[in-house]
Every structure is written in structure tokens, then in C-alpha cells.
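Okay, handing you the structure first.
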Amino acid sequence: MTITVNDEVIEVDDATTIEGLLETRGFPDKGIAVALDWSVLPRSEWDRTLADGARVEVVTAVQGG
């Protein structure tokens, strides 16, 4: 199936979860926020299976000023 991650269209397996996607794409375990179809998801919902056409946005926290 096809999904969009941070404006990049990619192919994933039908059973891919948000947590699995983050792991395979190399995102860090901490310091990130995830939105699915424009709604921010709490970490407790990252085991959700993605649907075809889903839009995932991952934002990484950055320190500095």
C-alpha cells in the first residue's frame, strides 16, 4: 500500500504500524511527535495499523535558540 511520510510517498506492507514505520525509517525513540492524517497521536496509539493513503507527519524536537 502507499502512504505519505513527511511529504514523501512510500510503499509499506498492509500490516505496518506507526511504531514499525518509525523504526524502519530510522526515527529516534524519543523526542518526536507523530500526526496521522493531521491529528496528533499519543504514543499509546502508535501500535495502530496504517491504512492505504494515510498521511504521517513526524516532527523531531530540536534544542537551540
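For the numbers below, each heavy atom of this structure counts, side chains included, while hydrogens, waters and symmetry mates do not.
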In this structure, which one of Thr17, Thr24, Ile3 forms a side-chain contact (heavy atoms from CB on, under 4.5 Å) with Val12?
->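 Checked Thr17, Thr24, Ile3 against Val12; only one passes side-chain contact (heavy atoms from CB on, under 4.5 Å): Ile3.
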Answer yes if Ile18 and Ile32 sit in the same cluster of Ile, Leu, Val, Met, Phe, Trp and Tyr residues linked by side chain heavy atoms under 4.5 Å apart, and no otherwise.
->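 Same cluster.
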Check salt bridge (Lys or Arg N to Asp or Glu O under 4.0 Å) between Glu45 and all other residues, then give those that pass, not counting sequence neighbours.
->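 If we apply the salt bridge (Lys or Arg N to Asp or Glu O under 4.0 Å) test to Glu45, skipping adjacent residues, the hits are Arg48.
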Minimal non-hydrogen separation, Ala54 against Leu36, with atom names =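 For Ala54 and Leu36, the tightest heavy-atom pair comes out as CB-CD1, 3.9 Å.
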Taking atom CD of Glu19 and atom CG of Leu50, what is their separation to the nearest 0.5 Å?
->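 Taking CD in Glu19 and CG in Leu50, the distance rounds to 11.5 Å.
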For Val5 against Leu21, the heavy-atom pair lying closest together =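 Distance-wise, the nearest heavy atoms are CG2-CD2, 3.8 Å.
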Write out all pairs satisfying side chain to side chain donor-acceptor pair (under 3.5 Å) with one or both partners inside residues 51-62, taking only residues at least two apart or from two chains.
->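 Side chain to side chain donor-acceptor pair (under 3.5 Å) check on residues 51-62 returns Asp7-Arg55, Arg55-Glu57.
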Set of salt bridge (Lys or Arg N to Asp or Glu O under 4.0 Å) partners for Glu11, sequence neighbours left out =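 Result, salt bridge (Lys or Arg N to Asp or Glu O under 4.0 Å) vs Glu11: none returned.
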When rounded to the nearest 0.5 angstrom, what is the spacing between CZ in Arg25 and CD1 in Ile10?
->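 Here the rounded value is 4.5 Å.
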Heavy-atom closest pair, residues Arg43 and Lys30 |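 Minimum heavy-atom contact is NH2-CA, 4.0 Å.
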Are the side chains of Leu22 and Val56 in touch, meaning some heavy atoms are under 4.5 Å apart?
->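 Answer no - side chains too far apart.
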